[in-house]
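Below is one structure, written out as structure tokens; comments come after it.
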Amino acid sequence: MPKILIIGACGQIGTELTHKLREKYGVDNVIASDIRKLNNDVVNDGIFEVINALDFNQIESIIEKYHVDEVYLMAALLSATAEKNPAFAWDLNMNSLFHVLNLAKAKKIKKIFWPSSIAVFGPTTPKNQTPQYTVMEPSTVYGISKQCGERWCEYYHNIYGVDVRSIRYPGLISWSTPPGGGTTDYAVDIYYKALSDGKYECFLKEDTRMPMMYMDDAIRATIGIMEAPADQIKIHSSYNLSAMDFTPKEIADEIKKHIPDFEITYNPDFRQKIADSWPSSIDDTSAREDWGWKHEFGLENMTRDMLEHLKDA
Ligand code: SER
């Protein structure tokens with residue numbers, strides 16, 4: 001069993017990833033960490049350490065303390081928050097990655113998972129079925145940091161033999177932990193508001209199509225790429241990954257099948273421009289062919305599952 005460290009374990013992805021990894025590898029083999037010690041399952045149900053992802057020495061000492069083999073680096077500022085704090089977003093998103101890459105280069109860890117995003121694409125990228133290899137001119141701080149991160153991952157693999165694996169997440173939708181600061185996050189808020197208020201004001205236009213994925217699929221992809229034999233991983237920057245794509249109007253129509261009186265209104269803000277610069281749909285043939293990626297959730301079964309879980313919560 002590998003010893004695993006998750007940095008950013010209390011975030012939207014980190015929380016569910018921690019649960020799944022503990023279930024799979026055993027509570028004693030998974031070390032969750034975050035910048036703050038909250039009172040939640042991630043902290044209370046297993047090993048937890050406070051780690052500032054920008055503090056190399058702190059990461060190194062936890063890796064030595066627990067003899068960590070693999071690191072999942074989930075700490076980051078997302079797109080909308082990064083636009084408000086560009087210098088800090090660059091610092092956090094880049095330097096946390098360098099710390100972990102350098103620990104792998106020094107052979108203190110064996111394997112890294114680092115998430116990239118559809119934000120690596122930009123306004124000049126082909127919008128529909130965006131290919132793995134294409135024009136990439138990201139126009140957001142977040143996208144620039146992810147694009148540079150991808151280049152560094154590939155560099156560390158090619159030059160130093162670092163085993164780093166990455167996927168370009170689409171917008172991620174989940175019920176257990178609220179997201180923070182993303183442009184795709186309307187697709188999470190809408191479910192909460194549909195149940196609590198029966199209406200939702202969307203910060204994007206009704207026809208803004210974006211690639212999306214349910215968290216269950218995202219976690220399977222994450223663990224799937226990490227468990228794949230090394231010779232199946234042919235792309236060392238980051239893999240396109242896809243499950244579904246929809247517009248605010250289409251998700252609202254799906255919710256109306258369960259909550260007929262649900263109403264949506266549109267009041268686009270600065271996030272519209274970010275969304276407009278991203279793909280509408282993604283071609284993820286390489287992930288499917290190289291390491292067997294397959295999604296399970298589309299808009300219909302995701303909506304059913306989201307509403308059921310949120311009703312019970
Ligand atoms: N979901 C992210 C965001 O909207 C994209 O990776 O920022």
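Along the sequence shown, residues carry numbers from 1. For ligands, and for the atoms within them, numbers begin at 1 and follow the listed sequence.
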Looking only at heavy atoms, which two atoms of Thr183 and Leu204 are closest? And how far apart?
O-CD1, 4.0 Å

Students often mix this up, so state it plainly: with edges at 30° and 60°, are the rings of Trp293 and His295 parallel, tilted or perpendicular?
tilted

Going by the order shown, which atoms of ligand 1 are within less than 4.0 Å of some heavy atom of Ser117?
5 (C), 6 (O)

Looking only at distance, does Ser79 have an N or O less than 3.5 Å from an N or O of ligand 1?
yes

I would like to know whether Tyr133 and Ser286 meet side-chain hydrogen bond (donor to acceptor under 3.5 Å, both in side chains); could you show each step before the answer?
CA-CA 10 Å; Tyr133 299 107; Ser286 297; 6.0 Å; no

Counting from 1 in the order shown, the ligand 1 atoms closer than 4.0 Å to a non-hydrogen atom of Thr183 are 3 (C), 4 (O), 7 (O)

Ligand-side contact atoms (ligand 1) for residue partner Leu78, heavy atom cut-off under 4.0 Å:
7 (O)

Is Arg220 salt-bridged to Asp217, cutoff N-O under 4.0 Å?
yes

Which of the atoms in ligand 1, numbered in the order shown and given with their element, are less than 4.0 Å from a heavy-atom of Tyr142?
5 (C), 6 (O), 7 (O)

If you measure from each non-hydrogen atom of Tyr186 to ligand 1, which part falls under 4.0 Å: side chain, backbone, both or neither?
neither

Taking the six-membered ring for Trp, is the centroid-to-centroid distance between Tyr239 and Trp291 below 6.0 Å?
yes

Could you state whether Val141 and Phe121 fall into the same hydrophobic cluster, counting links through intermediate Ile, Leu, Val, Met, Phe, Trp or Tyr residues with side-chain heavy atoms under 4.5 angstrom apart?
no

Counting only nitrogen or oxygen atoms and a 3.5 angstrom limit, does Thr184 reach ligand 1?
yes

